Every structure is written in structure tokens, then in C-alpha cells.
There are 2 protein chains.
Amino acid sequence: MESMEPGTVRPGGRTARVRTAVLQAAGDILAERGYSHLDLADIARRAGVGKTTVYRRWGTVTGLVADLLADMAEQSLPRTETGSLLGDLKANARLVQRTLADSRQGPLFKAVIAAATGEARTAEALRHFYDVRVDEWAPCVQQAIDRGEVPEGTDTHEVIRAVSAPLYYRLLAGGGRIDVAAADRAAEAAATAARAGVFLSEGRPR
Amino acid sequence: MESMEPGTVRPGGRTARVRTAVLQAAGDILAERGYSHLDLADIARRAGVGKTTVYRRWGTVTGLVADLLADMAEQSLPRTETGSLLGDLKANARLVQRTLADSRQGPLFKAVIAAATGEARTAEALRHFYDVRVDEWAPCVQQAIDRGEVPEGTDTHEVIRAVSAPLYYRLLAGGGRIDVAAADRAAEAAATAARAGVFLSEGRPR
DNA sequence: TAGCTAACGGGTCTTGAGTTTCGTTAACAT
DNA sequence: ATGTTAACGAAACTCAAGACCCGTTAGCTA
């Protein structure tokens with residue numbers, strides 16, 4: 001049996017500090033220079049940590065990004081409740097909009113998505129990240145169903161994804177700035193479609 | 001004044017053959033192994049071309065991907081016309097769905113999008129690729145406006161983008177298979193929202 | 001069809017990302 | 001407090017991606 005992963009036996013003090021510093025530095029560099037020109041040695045230098053340590057703990061760039069994502073998934077903001085489906089979806093859309101338009105977070109998300117296209121482990125981490133976010137917001141659609149705003153049997157998760165999708169499309173494929181108007185439009189489109197029963201889950205509902 | 005780009009003075013015969021072979025090989029490898037483990041030497045070997053040639057003509061991986069995109073943009077399929085907005089949008093959605101779900105094109109698009117996040121030139125090529133596609137399909141929304149199906153002043157391009165967005169979201173962020181049901185739902189959502197006037201361009205219409 | 005040279009391609013060299021080694025530091029148990 | 005060893009970190013090493021050199025092939029022109 002091979003030895004355990006480093007950082008699991010003595011997670012206190014220094015080990016935790018190193019992880020924080022490296023993830024911080026990785027996020028900074030990812031946001032500044034993007035995924036492609038990313039060098040673990042740079043990260044180590046900026047984090048004030050030995051290059052060897054970064055290679056030993058994370059191994060590859062994608063592994064590091066996966067850990068960064070896991071860290072980000074834990075910091076999910078609580079959703080706000082406004083009392084109407086459109087209000088809630090707009091709140092969600094603006095949260096996403098603010099994140100993607102942010103000068104640090106925007107490039108970071110681009111980089112992370114790019115990393116996920118290459119390696120299965122990172123893709124899994126990214127999927128989990130979005131699952132957490134979508135789970136957080138899906139209840140607002142359920143409340144709309146309970147209020148009778150949206151038909152029974154609607155796939156609540158799909159509605160939330162429909163709000164984010166146009167904003168991510170802009171981030172990656174271009175097609176306009178990611179501004180508040182775009183966010184509101186995405187929310188309105190999703191709300192309108194949901195009310196019309198477009199997101200009814202056919203066949204067996206999950 | 002520096003010398004011209006290679007391939008511009010004698011574009012006939014061999015030069016064209018080399019370009020075709022290299023782009024073909026690059027697409028194959030990109031689809032098989034993804035953007036991250038992409039090696040220009042591999043491409044050269046598979047294309048039956050000297051490694052030096054690939055480096056001289058394209059320089060970097062991202063430069064090659066940009067050229068690949070320019071090549072793909074020229075092969076835009078003509079749109080079909082069904083006589084109704086929903087029918088046209090469904091046709092578009094299924095075209096996108098078929099492309100992204102395809103075992104060669106799907107990974108290729110992932111790779112190309114990943115490449116575009118890193119370098120401005122590739123991002124520009126990608127944006128142009130989608131502009132061509134969106135321009136091709138936008139008239140079907142205009143026809144819907146003329147028929148009175150959709151309100152005057154609707155941003156036709158934005159409707160087309162709204163159809164693709166959920167499918168690309170699935171490709172990159174997960175959240176379900178890219179099947180015909182997802183395509184139809186995307187088309188229905190966009191059509192419903194468009195009819196409700198969600199995509200009216202506020203302020204100055206472009 | 002002959003000459004000119006753009007463009008190709010085999011071979012060699014360089015550089016830096018990633019690995020290995022081994023001595024040092026500090027977390028945890030007693 | 002003190003011992004054990006997990007985890008860190010500086011330096012030396014490896015090896016392949018990518019740059020360079022220069023002889024060869026073949027588009028283009030007259």
C-alpha cells in the first residue's frame with residue numbers, strides 16, 4: 001500500500017497556511033495571465049513556498065485548479081428571497097453577472113472552464129461546483145410552483161441553469177458585454193419559459 | 001520591413017496541401033486528446049509534414065487553432081426554413097445539438113473554446129465564427145417579426161444566441177446530456193421568451 | 001523548360017517545466 | 001519538554017517541446 005497524500009496526516013498550522021497561500025496565488029495568476037501561461041514555479045514564488053511543495057501536493061496544474069474549485073464551492077453565497085419568481089431569478093442572474101464581469105473572478109472562471117475541458121478530474125470538480133450553486137437556488141423555483149406561478153412537474157434545476165447559460169455564453173463565445181441588462185434579460189427569459197411550462201420534465205421526473 | 005508570412009506568396013499546390021493536411025490532423029488530435037495534451041510534433045507526424053513547417057507557419061498551438069476556426073467558419077451550413085419561429089429555432093437547436101454531441105466535433109469545440117480563453121487572437125477567431133453562424137440564422141427571427149409572431153424591435157441575434165446558450169452550458173459546465181430533448185427545450189424557451197417580448201433591444205437598437 | 005526562390009524538412013541545439021535528492025523545520029503524541 | 005516523522009524547501013538533474021541551421025523540393029514566371 002502506498003503512502004498517503006501529503007497534507008492529510010498533519011493538516012494543522014503550516015500545512016494549512018501553505019494551502020491557503022498557494023490557492024490564493026494560483027487564483028491571482030490564473031485571473032491575471034489565464035490558464036495557458038500558468039507555471040507552478042510562478043505560483044510557488046508568489047506564494048512564498050517551495051516549488052517542490054507545490055508539485056508534491058498538487059502534481060499538475062489541473063489538479064491544483066480542481067482543488068481551487070473545491071475551495072470556491074464551499075464559499076457559496078446564500079440566496080436572497082424576494083417573493084416572486086422573476087425577482088428571485090433576477091437576484092440570481094445579477095449575482096452571476098457580478099461574478100463573471102468582475103476583473104478577478106471573470107478571467108478566473110474562464111481559466112477554470114478551460115482547465116476542465118482537458119482533464120476529467122477538473123471537469124468533475126467543476127460540475128460539483130455548479131451542482132452546489134444550482135442546488136442552492138433551485139428551491140426558489142419550487143416556491144414558485146407552490147405559489148402556482150409555475151406548473152407542477154417543472155425541472156427546477158433546469159430553470160436555474162437556464163438563467164446562467166446566456167451569461168456564460170457571453171463570457172466564452174463573445175456576443176456582448178455581461179451587464180445588468182443581460183442579466184435581467186436572462187432572468188426574464190427563464191421566468192417566462194418556466195411559467196409557460198417549457199421546463200416540464202418529460203418521462204420520469206427526477 | 002520583415003518578410004511576409006509563409007504561405008502567402010506561393011499558395012498553390014504543395015502549400016495548400018500542407019495546410020489541409022495539418023488542419024485535418026490538428027482537428028483529429030484535438031478531438032481525440034483535447035487541447036491540453038496537444039503537441040505540434042504529433043500533428044506534424046500525423047499530417048506527414050515536417051515539424052519545422054508547422055512551427056514556421058503557425059508558430060503556436062493557439063495560432064493553429066485560430067486558423068482551424070477560420071477554416072470551420074467558411075463551412076457554415078445553410079439554414080432550413082420551416083415557416084414558423086419554433087420550427088426554425090428547433091432546426092437550429094438540433095443542428096447545434098448534433099454538432100456538440102458528435103464524438104469528433106464535440107471535443108473539438110471544447111478544445112477550441114479552451115484555447116480561446118487564453119489568447120486574444122484565438123478569441124477573436126472564435127467570436128467571428130459565432131458571428132457568422134448567428135448572422136446566418138438571425139433572418140428567421142426577422143421573418144417571425146414580419147409575420148407578427150414576435151414584437152417589432154426584437155434583437156434577432158440575441159434570440160439565436162439564446163437557443164445555443166443552454167447547449168453550450170451543458171457542454172462546458174455539465175448538467176445533463178446534450179440530447180434532442182435538451183435542444184427542443186432550448187428552442188421552446190427562446191421562442192416563448194421572444195414572443196413575450198423579452199428580447200426587445202432597449203435604448204438604441206443596433 | 002529553365003531559372004529563381006518560396007516553402008519544405010531532416011538534423012541539431014537550447015531552454016525551462018517537471019522530477020529527484022536530501023537536509024531542515026515544525027506538527028503532533030506522550 | 002522531548003522524540004518522532006510528516007511536510008517543507010534549496011539545488012541539482014532530466015528530457016522533450018520548440019528554435020535554429022541549412023540543404024532539398026517544387027511553385028511560379030518568362
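Side-chain atoms are counted along with the backbone in the values below, which use heavy atoms only and exclude waters and symmetry mates. The structure presented is a predicted model; accordingly, all values stated were derived computationally and were not measured. Letters A, B, ... are given to chains in the order of the sequence lines, protein chains preceding strands, and every chain is numbered from 1.
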Completion exercise
Residue pairs passing the ring-ring contact (aromatic ring centres under 6.0 Å, His included) test with at least one member in residues 105-127 of chain B, sequence neighbours excluded, are B:F109-B:F129

Handout entry: Residue pairs passing the ring-ring contact (aromatic ring centres under 6.0 Å, His included) test where at least one lies in residues 17-49 of chain A, sequence neighbours excluded
Key = none

Practice task
Mind checking side chain to side chain contact (heavy atoms under 4.5 Å, CB included) for B:V134 and listing every partner two or more places apart, or none if nothing turns up?
Solution key: B:H157, B:I160, B:R161

Check the distance between [N]'s [atom2] and [X]'s [atom1] and give it to me in whole angstrom.
X: B:I43; N: D:dA16; atom1: CD1; atom2: C1'; answer: 16 Å
X: B:R19; N: D:dG27; atom1: CZ; atom2: P; answer: 17 Å
X: A:R14; N: C:dT24; atom1: CZ; atom2: P; answer: 14 Å
X: A:R17; N: D:dA6; atom1: CZ; atom2: P; answer: 19 Å
X: A:R56; N: C:dG23; atom1: CZ; atom2: C1'; answer: 12 Å
X: B:W58; N: C:dA7; atom1: CH2; atom2: P; answer: 12 Å

Handout entry: Phosphate contact (C:dA7 OP1 or OP2) by B:T15 side-chain N/O below 4.0 Å
Key = no

Problem - By salt bridge (Lys or Arg N to Asp or Glu O under 4.0 Å) - contacts of B:K110 (at least two apart) - result: none

Handout entry: salt bridge (Lys or Arg N to Asp or Glu O under 4.0 Å) contacts touching residues 164-180 of chain A (sequence neighbours left out)
Key = A:R170-B:E158

Practice task
State plainly whether the residues B:E188 and B:K90 are in salt-bridge range, i.e. N to O under 4.0 Å.
Solution key: yes

Handout entry: Annotated protein contacts, base or backbone, on nucleotides 13-19 of chain C with a non-hydrogen cut-off under 4.0 Å, one of B, S, - each
Key = ----SBB

Practice task
Choose from C:dA7, D:dA7, D:dG9 the nucleotide whose nearest atom is closest to any side-chain atom of A:V49.
Solution key: D:dG9

